[in-house]
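Before any comments, here is the structure.
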Amino acid sequence: MSALAIAEAAPLSFAQSDQLTQLFDALDRDGLLWASGFAAGLAHARGDAVPAASASPVESVGQRLTVLYGSQTGNAQRIAQKLAARAEAAGVPVRLLRADAYPLRELKDERLLYVVISTQGDGDPPEDARGFVEYLQGRKAPALDQLAFAVLGLGDSSYPQFCAVGRLLDQRLAALGATRLFACAEADLDIDAVAAPWLDLAQAKAEERLLQELHRATVTPLRRAPQPAAPDASREQASREQPAVAELLVNQRISGRDSARDVRHIELSLTGSGLNYQPGDALGVWPQNDAALVAQLLAALHLDGNSVVTHGEHSLPLRQWLAEHRELTRLSRGLIAAHATRAGAAGLNALLADADATRAWLVEHQVLDLIQRWPAVWSAQELVAALPALTPRLYSIASSQAEVGDEAHLTVALVQDRRDGEDRFGAASHYLAQQPEGARLRVFIKANERFRLPTDPDRDAIMIGPGTGVAPFRAFVQQRAAGGGRGRNWLLFGARHFHDDFYYQLEWQQALKDGRLDRLDLAFSRDGGERRVYVQQRLAEQGKAVVDWLQNGAHLYVCGAVAMGKDVHRALQAVLVAHAGYSAEQAEAYLRELQQCGRYARDVY
């Protein structure tokens with residue numbers, strides 16, 4: 001009879017009691033304490049009363065589960081938290097850690113490890129997992145013969161390196177000798193469709209593995225190392241699923257009428273929502289798809305928007321499913337493949353056979369484009385099941401509550417394109433741009449613990465934020481002015497044109513006058529003729545000052561697109577080589593050290 005079966009049986013027969021006694025006789029003190037906690041967790045999961053003293057087992061490394069996550073937008077963190085909570089409810093001792101809080105020295109002794117990690121950009125790890133990934137790939141990575149592991153990768157199949165980081169870690173851990181408990185799972189935009197069964201399997205395997213350790217119970221427990229606290233994001237997790245309602249106060253275009261981009265300044269009231277944030281955090285917005293887009297899709301598929309579709313726990317009209325619960329502006333490989341089986345079109349099959357062409361099509365097109373280009377028959381039920389679930393979008397908050405109180409400000413660029421004579425928009429940016437003042441939006445706060453102002457207000461801050469990447473730095477400057485301190489503020493901003501794209505121009509100029517901003521360097525790429533100037537050129541021009549600020553303790557921040565972040569990183573390396581006398585390797589090591597100690601933070605997307 002298994003230990004799990006014994007623990008769940010009630011009442012015990014004489015034979016079962018004897019088996020349980022023999023099993024526990026084989027345990028040392030720490031093993032007994034762990035077993036007590038395991039049984040308590042099982043009882044708790046069944047709803048039975050548990051004495052408080054039984055709920056805190058002292059576990060050895062071999063008798064615990066470590067859940068590690070690397071998250072750029074919070075999805076990996078959310079899944080990891082869900083796994084940890086389920087494991088604890090089942091009586092499994094568990095610690096939950098962000099990747100950059102994990103003590104790398106402990107990896108060689110780890111016995112059971114689950115990793116939930118996203119991939120961003122062109123196959124890059126999230127900012128909070130870079131050190132962990134580099135360590136595993138390096139020569140210092142230890143043999144992991146004692147480790148059992150599993151990996152869940154999150155990604156977006158419209159990008160070339162879909163789930164590349166999850167796949168890399170899965171392969172590297174196995175190459176180091178660790179035992180793969182089950183295959184690496186790769187989740188696309190519809191995360192929960194893959195994450196839910198992975199969580200079920202992960203929990204079952206964790207219980208099974210730790211019960212094996214319970215049976216052995218001959219290993220001398222290791223001294224329990226201090227555990228760095230993982231950020232408490234229960235507030236974000238709960239509010240993501242049950243968002244607050246915020247009233248739209250201001251929806252103002254801040255790009256010029258001749259600008260190629262429609263950029264909005266959005267102000268939302270958080271009064272009564274219970275939501276609070278810090279500079280550097282993001283606001284999650286649940287969008288709705290445009291009614292005209294929904295109507296076009298229904299017409300293209302010859303479907304009745306009023307027909308009721310039951311999927312999961314919900315029964316809703318098809319029109320409501322498409323408007324409020326399904327992604328229509330993002331394509332996935334899975335949807336294209338499913339459509340290809342219905343369309344039977346040679347052109348679509350040829351597209352799927354060409355990986356590069358498929359990737360380009362995913363980036364440049366939407367669901368309606370697929371339907372119009374290659375018509376096929378879908379039932380309402382099949383369509384709802386095949387489309388990925390609509391997900392919230394995250395926007396860096398462009399305000400500090402020290403100045404704006406119960407408000408949150410956003411800087412939102414409308415994503416738009418024109419294809420075959422028809423307009424295409426991004427779901428959330430279009431939704432926000434169309435909302436009238438007084439509209440009520442569903443929102444939540446997503447904390448960004450890795451993008452924080454210096455705790456010492458006397459430290460200098462260098463802020464690099466081209467385009468809408470300037471948003472969090474508006475919050476930083478507001479917060480620094482309210483908090484006092486002697487730290488200097490240096491902003492490097494870039495956009496296309498001075499006249500049309502200098503977002504918050506009057507605010508920055510006033511900040512320079514009143515001393516809230518000490519330096520402002522600008523780069524307008526389309527105003528210089530054929531020679532285009534970007535923020536990285538300004539870094540090179542001011543390289544001596546950059547090095548001087550850094551060597552005197554300044555914190556460095558970068559916000560914006562992934563490609564820009566890479567260009568800026570290379571420019572910083574070159575500046576350190578030119579003005580600090582470093583070799584290329586030393587410059588990279590210096591920047592890595594700044595990242596590890598929290599003085600070089602990037603929020604790239």
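FYI, the numbering just counts along the sequence from 1.
Here the closest non-hydrogen pair linking Tyr431 and Pro287 is CD2-CA, 3.7 Å. Here the shortest heavy-atom pairing between Asp128 and Gly70 reads OD1-CA, 3.2 Å. Heavy-atom minimum distance, Ala206 versus Leu65: CB-CD2, 4.2 Å. Leu410 and Ser396 make their closest contact through CD2-O, 4.0 Å (heavy atoms, listed as atom of the first residue, atom of the second, distance). Across all non-hydrogen atoms, the minimal contact from Ala601 to Arg450 is CB-O, 3.3 Å. Counting all heavy atoms, side chain and backbone alike, Ala99 lies closest to Phe132 at CB-CB, 4.2 Å.
A salt bridge does not link Arg98 with Glu127: none of the charged nitrogens is closer than 4.0 Å to a carboxylate oxygen. Between Glu186 and Arg333 there is no salt bridge, since none of the side-chain N atoms of the basic residue sits less than 4.0 Å from a carboxylate O of the acidic one. Salt bridge absent: Arg330 and Asp156 never bring a charged side-chain N and a carboxylate O closer than 4.0 Å. Salt-bridge formation is detected for the pair Arg570/Asp567: a Lys NZ or Arg NE/NH1/NH2 atom is positioned less than 4.0 Å from an Asp or Glu carboxylate oxygen. One finds no salt bridge joining Arg442 and Glu324 here, because no Lys/Arg side-chain nitrogen approaches an Asp/Glu carboxylate oxygen to under 4.0 Å. For the pair Arg452 and Asp281, the salt-bridge criterion is met [side-chain N within less than 4.0 Å of a carboxylate O]. Of the charged side-chain nitrogens involved, at least one lies within less than 4.0 Å of a carboxylate oxygen, so that Arg86 and Asp200 count as a salt-bridged pair.
Proximity of a side-chain donor or acceptor of Arg424 to a complementary backbone N or O of Gln366 within less than 3.5 Å is not detected. The backbone N or O of Tyr534 lies less than 3.5 Å from a partner atom in the side chain of Gln537, making a donor-acceptor pair. Under the 3.5 Å distance criterion, the side-chain polar atoms of Arg172 are left unmatched by any main-chain donor or acceptor of Asp170. Side-chain atoms of Tyr114 come within 3.5 Å of backbone atoms of Ala202 as a donor-acceptor pair (strictly under, hydrogens ignored). Judged by distance alone, the side chain of Thr468 and the main-chain N or O of Val412 form no donor-acceptor pair under 3.5 Å. Between the side chain of Arg459 and the backbone N or O of Gly553, at least one donor-acceptor pair lies under 3.5 Å.
In this structure, Phe451 has its ring center under 6.0 Å from that of Phe476.
Counting heavy-atom neighbours within 6.0 Å of Glu382 CD, excluding the residue itself, gives a total above 12. The number of heavy-atom neighbours closer than 6.0 Å to CZ of Arg592, taken from other residues, nucleotides and ligands shown, is above 12. For Arg261, the CZ atom sits in a loose shell: 12 or fewer heavy atoms of surrounding residues, nucleotides or ligands are nearer than 6.0 Å.
Distance CD/Gln536 to CG/Leu539: 7.5 Å, rounded to 0.5 Å. In this structure, CH2 in Trp198 is found 13.0 Å from NZ in Lys205, a value given to the nearest 0.5 Å. Here Thr119 contributes atom OG1 and Phe162 contributes atom CZ; the two are 8.5 Å apart, rounded to the nearest 0.5 Å. Considering CD1 of Ile445 and CZ of Arg240, their distance stands at 14.5 Å, rounded to 0.5 Å. A distance of 9.5 Å separates CZ of Phe473 from CG of Leu492, quoted to the nearest 0.5 Å. How far CZ of Arg373 is from CZ of Arg419: 11.0 Å, rounded to the nearest 0.5 Å.
For the pair Asn75 and Ser118, the minimum side-chain heavy-atom distance is 4.5 Å or more. The shortest distance between side-chain heavy atoms of Leu576 and Val547 falls below 4.5 Å. A heavy-atom distance below 4.5 Å is found between the side chains of Tyr102 and Thr66. Residues Val415 and His430 are not in side-chain contact: their nearest non-hydrogen atoms beyond the backbone lie 4.5 Å or more apart. Taking the side chain as every heavy atom from C-beta outward, Ser332 and Ser157 approach each other to under 4.5 Å. Taking 4.5 Å as the limit, every side-chain heavy atom of Ile266 sits out of range of all side-chain heavy atoms of Tyr395. Between Leu201 and Leu181, every side-chain heavy-atom pair lies at or beyond the 4.5 Å cut-off. Using a 4.5 Å heavy-atom threshold, the side chains of Leu572 and Tyr600 count as touching.
When the options Leu390, Leu328, Leu293, Asn289 are evaluated for a side chain to side chain contact (heavy atoms under 4.5 Å, CB included) with Leu322, the one that passes is Leu328. Gln146 pairs in a side chain to side chain donor-acceptor pair (under 3.5 Å) with only one of the listed residues (Glu110, Lys108, Arg111), which is Arg111. Exactly one of Leu96, Ile79, Val115, Ile117 qualifies for a side chain to side chain contact (heavy atoms under 4.5 Å, CB included) with Tyr69. That residue is Leu96. Residue Leu556 is tested with Ile464, Val546, Val568 for a side chain to side chain contact (heavy atoms under 4.5 Å, CB included); the sole match is Ile464.
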- Test log, rule side chain to side chain contact (heavy atoms under 4.5 Å, CB included), inputs Asp124 and Val165: CA-CA 7 Å; Asp124 298 318; Val165 177; 5.8 Å; no
- Show your reasoning for whether side chain to side chain contact (heavy atoms under 4.5 Å, CB included) applies to Leu152 and Leu199. CA-CA 9 Å; Leu152 171 62; Leu199 286 171; 6.0 Å; no
- Report the C-alpha separation of Leu176 and Leu136 in whole Å, then their side-chain angles, then the decisive distance to 0.1 Å, and conclude whether the side chain to side chain contact (heavy atoms under 4.5 Å, CB included) test is met. CA-CA 9 Å; Leu176 291 170; Leu136 270 187; 3.8 Å; yes
- Task: Test side chain to side chain contact (heavy atoms under 4.5 Å, CB included) on Gln137 and Leu168 and set out the steps.
- Result: CA-CA 9 Å; Gln137 291 181 287; Leu168 181 151; 3.4 Å; yes
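Under the 30°/60° scheme for interplanar angles, the aromatic rings of His365 and Trp361 are found to lie parallel. Between Tyr590 and Tyr582, the angle of the ring planes lies from 30° to 60°, which puts this pair in the tilted group.
Contacts of Asp188 classified as salt bridge (Lys or Arg N to Asp or Glu O under 4.0 Å), with partners at least two apart in sequence or in another chain: none.
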